[in-house]
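One structure is given here, and the rest of the page talks about it.
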Amino acid sequence: MKKKIEKSYQKLKKRIKDLTYYLTHESKKVILITLFNHIVECIKNNTLFFVFVISNVFIGILLRYFTIHTLENLLLIKALLGDLVIVLFLGGINFILKEKYRFPYLLGVSIVLTTICIMNSVYYTFYTSFISVSLIVTARYAVEVGDSITNILKIQDFFYIISPILLTITYFKINHNRKLTKEEKEKRSFSKMINTFIGGGVVLFLFLISLTPLEIGRYANQWNREYIVMRFGVYAYQLNDIVKSIGTQLTSLFGYDQAMQIFNEYFQDRPDEQQTINEYTGIFEEKNILVIHYESMQNSNIGLTFNGVEVTPTLNRLVKDSLYFSNFYSQVSGGTSSDTEFTFNTSLMPTNNGTAFVSYFNREYVATPALLREKGYYTFSMHANNGSFWNRNAMHQTLGYQRFYSKNDYDIDEVIGLGLSDRSFYRQSLEKIKEIAKQDQPFYGTLITLTNHTPFDDVEKYGEFDVDIKENVYNEETGQYEEVSYPYMEDTKMGNYFKSAHYADVALGEFIDALEKEGILDNTVLIIYGDHDARLPKTDYRRLYNYDKETNSIRSCDDTDEDCVKIDANTYELLRKVPLLIYSKETKESLHQKITNVMGMYDVMPTLGNMFGFYNKYQLGHDIFNVTDDNIVVFPNGNWVTNKIYYNAQNNSFLSLKETEITEEYMDACNTYAENLLEASNATIVFDLIKKSKEIEAAELESDYIEESVVPERNQK
Ligand code: GP9
Ligand code: MN
């Protein structure tokens, strides 16, 4: 890079030298001075415009620095050019306005750009991604269930207002010294606007020729938001996001043919019925199913203890008797809980625009509840929050649940965190399940828990669970052992999370005991999954793994310190694993096993389908017992993980998970696989292609039938 810059600089120098060869030293000086004066004059006459451009490009850089965090990102030339183009064009418009409207216009635009930066900055803190207007309809869910805004806001989120502030100061400074005549106030400058647009056009040209086809492709897809902000700048990202979001609303008008082609190519070779057979085929056919959607339960909690007390005693007990999938990932996007429900039940991915539950609830899906219902099951879901949350009222019907027990069906007699406590929820749900179990019909029920939800600050109600370190130390003066406590995880978000998770897990344990006591477990398979990670800060992980009790601080890791657990962006992603367990009488007796193969939420439906006897032609995942070492979990942002490697598409980095050689072909194949899968999933959902392809098939069948019945008639004549 440095060499390239040096080369171009030398070239430019030579050009100037050639051009000025015939000029005398004096005339060269005159030209330079004139040029300089011209620039100074131009800035003087248009100070407000220049302040507007520089300050708004600057806050774009600031945003990239504060979110993506590397110094290298601070100077990304492409993103800088992208921001500059947009700011130049937006700013250029001001010249066509009357002088008196220019400042209000520039200030207005500056406030909009600042707001974009602030919103993205805040959103990034929580979701490690950039905001999308398509999620505005779902924003209320984030507000209702999220951390309080004061917990999320950081000082740096306010730095961006430097742009409108600078602009205002400049305006008042200029106007302090000059009084405009009435005529001047009415003046417009068409030529200045054209000049600015020409300048913007040149920058745009330079920007466009710097782009690679991969970058353009990713910009068009808009899955990998971080990548786009890094290459195109935040303003171009947001502009594209707005266009795409509006485009999605008008879905079927554009791109249908292309979407259908993608869909056909992806699914055309799929058989209409389940073909593969393995030792798990049909083992649970006709058995009842209870699914526990375990809010924010992370796999890293399993086996973890504080002062000898387990964080998750129930899970620890169950994993020994279950099919336990220890390398399992949820695949959520902005729809968090609802995305997991969606992927779990359809084996499709969350959408890159909006959320499936809210924006695409009226599409047709092949879903587990509906398939089991066709097999004679009674299907229901239970969740003690408002039924409208995540649009569950509508979407649970779409998925094929016959009955959704929501807040109105529960007596809210004990509140923890977001609503009814898990303990009360389980107790009341048990009564309903007992009634359902009396019917002469197998059932499929999903219980969505609530207590273990961020911000984990209802600590008093979780019950006693200390996350400090207690030690018995011998006191020489008294000659006795005394208990000494080191704060460790107390008063951290993660510490509070452990207290909450412990509460939730004990409540789950009581529920399972009650099911056992009622005899319901005799013929029921329990499926328990963590719906997504708890979005805990990296520093808390560092404290958990590298705590120095003597100084009550986090040990800093250097390369020689082998015991130190380094938490960077990629290791953090691996810590977001969630548990998945299939537990039944059969697994307890003989089928229990730990499956370490990497697995995603989209693999659950195919795996269960094989066990319970249903099949979805449009599933994106695989029966985990049919894949060998080659499974791949694709995330909605284009990242992916296999048994060998975790790949971060945002910054093109990876983490090796096995000591095997990773070839370029392997990386390319996985990247292509991920992109095709995401594209096919999105096309299927947005354009309602499962329904459309069924309609096309039915129409073809009908025309075949007509042809068949017409031909003999003709023959008879
Ligand atoms: C709300 C609950 C939480 O009803 O399911 O949703 P989340 O915030 O995890 O998506
Ligand atoms: Mn959730």
Side-chain angles (χ1 to χ4, degrees), residues 123 125-129 131-132 135-149 151-152 291-299 301 328-345 350-351 354-359 361 381-396 399 401 404-410 412 415-422 424-426 429 445-458 493 497 500-501 503-505 507-508 528-536 576-580 601 604 636:
Y123 189 84
T125 310
F126 203 55
Y127 291 102
T128 335
S129 183
I131 203 163
S132 166
L135 293 173
I136 282 174
V137 259
T138 66
R140 72 181 181 94
Y141 303 123
V143 172
E144 273 179 51
V145 300
D147 263 314
S148 76
I149 194 76
N151 273 355
I152 301 171
V291 178
I292 308 289
H293 172 112
Y294 207 169
E295 179 58 48
S296 302
M297 186 50 68
Q298 300 193 164
N299 196 58
N301 295 340
F328 177 68
Y329 291 89
S330 73
Q331 293 162 295
V332 297
S333 185
T336 45
S337 273
S338 72
D339 279 346
T340 272
E341 284 184 60
F342 178 68
T343 303
F344 178 89
N345 278 313
T351 46
T355 68
F357 262 48
V358 178
S359 316
F361 68 93
S381 53
M382 296 172 158
H383 182 48
N385 202 354
N386 294 324
S388 60
F389 203 96
W390 283 132
N391 199 24
R392 283 187 176 108
N393 273 336
M395 188 61 174
H396 278 205
L399 292 174
Y401 287 113
F404 173 31
Y405 297 88
S406 63
K407 192 173 182 178
N408 295 341
D409 297 286
Y410 289 85
I412 309 300
V415 171
I416 304 183
L418 289 189
L420 184 64
S421 70
D422 279 2
S424 176
F425 168 65
Y426 283 133
S429 299
T446 301
L447 281 81
I448 301 164
T449 68
L450 197 57
T451 300
N452 191 33
H453 194 287
T454 194
F456 316 112
D457 53 9
D458 223 349
K493 181 162 183 180
Y497 167 67
S500 156
Y503 164 87
D505 201 69
L508 173 66
I528 303 172
Y529 64 76
D531 69 337
H532 48 75
D533 72 306
R535 297 194 210 106
L536 300 166
R576 298 174 76 179
K577 264 181 232 168
V578 292
L580 170 69
M601 196 60 76
V604 178

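Indexing begins at 1, ligand by ligand and atom by atom, following the structure's order. For clarity, every value in this text was computed on a predicted model and none was experimentally measured.
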For the Mn ion (ligand 2), give me the closest N/O/S atom belonging to Asp531, just the atom name.
OD2
Give the numbers and elements of all ligand 1 atoms closer than 4.0 Å to a heavy atom of [X].
X: Glu295; answer: 3 (C), 9 (O)
X: Phe389; answer: 1 (C), 4 (O)
X: His383; answer: 1 (C), 2 (C), 4 (O), 5 (O)
X: His532; answer: 9 (O)
X: His453; answer: 3 (C), 6 (O), 7 (P), 8 (O), 9 (O)
X: Asn385; answer: 1 (C), 4 (O)

Any donor-acceptor pair under 3.5 Å from [X] side chain to [Y] backbone:
X: Asp505; Y: Ala501; value: no
X: Ser296; Y: His532; value: no
X: Tyr497; Y: Arg535; value: no
X: Gln331; Y: Met601; value: yes
X: Asp422; Y: Ala504; value: no

Any nitrogen or oxygen of Thr336, main chain or side chain, under 3.5 Å from a nitrogen or oxygen of ligand 1?
yes
If we only count heavy atoms from C-beta on, is the His383 to Leu450 side-chain gap below 4.5 Å?
yes
Counting backbone and side-chain atoms alike, does Ser296 have an N/O/S atom under 2.8 Å from the Mn ion (ligand 2)?
no
Any N, O or S atom of His293 closer than 2.8 Å to the Mn ion (ligand 2)
no
For Tyr410, the option from Tyr405, Tyr426, Phe425 that meets ring pair (Phe, Tyr, Trp, His ring centres under 6.0 Å)
Phe425
